[in-house]
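Within every chain, numbering begins at 1; the chains are lettered A, B, ... in the order of the sequence lines, protein sequences first and strands thereafter.
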Amino acid sequence: MTSGDHHTDATIARRVRRLETLLEEKGLITGERLDESIDAFLAESSPANGARVVARAWTDDAYRARLLADGTAAVRELGYMDGSYQRLRVVENTASHHNVIVCTLCSCYPLRLLGPSPSWYKSEAYRSRVVREPREVLREFGLSLPGSVDITVWDSSAETRYLVLPRRPDGTEGLGEEELAALVTRNALIGTAAV
Amino acid sequence: MTDAAPDRFPPGTRVRTYRHDPPHHTRLPRYARGKRGVVVEPEGPDELADLSAQGRGDAPVEQIYAVRFEARDLWGEGDHHVVLDLWESYLEEDPDDER
Amino acid sequence: MARINDVGGTQGFGAIDTTDDTEPFHADWEARVVGLFNTLRAQGVFNTNEFRDAIESMPPGEYLAASYYERWFTAICALLERKGVIEPGELDD
């Protein structure tokens, strides 16, 4: 938080508490339901889920084909679909094509598969620039793509959410699914890093 | 969702996004208004966000399409593509398909 | 006219702070706001599109000065006021 005339952290914390109390008095919420909702959110949402999807796709060609054809169904197979969005589309990076995800209008994001989003994903800097100059933005993340690689930016403007299937790194032929999943970062699942 | 009718814009259809500037919530960003693109595929139907955002229970359900735009059509330069998910009423068939 | 949230292609926001922050929340109240949003939406008090509309309707200066979850809280309060659940000023000291 910066200085200025908007609320300080202590002020807003007090206002949030007051709203919670008011809504409890009106019978709209209970503190327990709120706790449960937060616990469920934190327990179920993690980039480890997206990483497991990727590792399965890297080790199982039939799963990879299903994932690219119908991401919603393939992710549901592993128990990772939730009700907060309608459809999941998985976009595959190749030697000649790179994908990167954004939501320029707000910050839509597949929470269940990626966990709570990083601050940069929600920033005006990222949202304004990646649709205009993705190569420069990716370079700022340390990912320099050759000019021969086409880039597609997916701007999540409706209720489809996107997940990037990164390229499997060379020299990982001997690794199992768990070891592969450990290599997959959150940024790689958004498209701002390679694995 | 009773969508038995065929989609208005099959994959590959050249479309143009509407130009008007609504005084309410919409999910067509300004950078993509009045622009030409190509339908990738239908994404499935959903309530029109513009009306649903007004708390109306009667928002129409429309097909949503993934539409691919070339950077130079959006920005006048660039070699990348941008894909947006757009409600059917945001789109019309491109009237002069001269490309 | 386009709203302040519609930033795609807008100049001037500068370099991206690419820090890979893994903490989901930076204060306890942020978690409570997420809980409030999920609970109220699940009960049909408002829908996601109304919520987005309420965030976008913030005056541009306030929107840009507010943190992410501050925007959420502002939008929740605005919707609850509009729907008559709370009174304006009811959260003030």
*So what's closer than 4.5 Å to chain A heavy atoms on B:Tyr31: side chain, backbone, both or neither?*
side chain
_Need one label for B:Ala32: side chain, backbone, both or neither, based on atoms under 4.5 Å from any heavy atom in chain A._
neither
*With chain B as the partner chain, list the residues of residues 148-157 of chain A whose heavy atoms fall under 4.5 Å from it, by residue number, and write 'none' if nothing qualifies.*
A:Ile151, A:Thr152, A:Val153, A:Trp154, A:Asp155, A:Ser156, A:Ser157
_Which atoms of A:Arg132 are under 4.5 Å from chain B, going by heavy atoms: the side chain, the backbone, both sets, or neither?_
both
*Residues from residues 78-88 of chain B approaching chain A under 4.5 Å (heavy atoms)*: B:Asp79, B:His80, B:His81, B:Val82, B:Val83, B:Leu84, B:Asp85, B:Leu86, B:Trp87
*Output yes when B:Arg27 and A:Glu159 qualify as a salt bridge under the 4.0 Å nitrogen-oxygen rule, no when they do not.*
no
*asked:* Do the side chains of B:Glu41 and A:Arg87 get close enough for a salt bridge, i.e. N-O under 4.0 angstrom?
replied: yes
*Under 6.0 Å from the CZ atom of B:Arg72, do we count more than 12 heavy atoms belonging to anything else shown?*
no
*Over all heavy atoms of both residues, which pair between A:Gln86 and B:Pro45 is shortest? Give the atoms and the distance, please.*
OE1-O, 3.5 Å
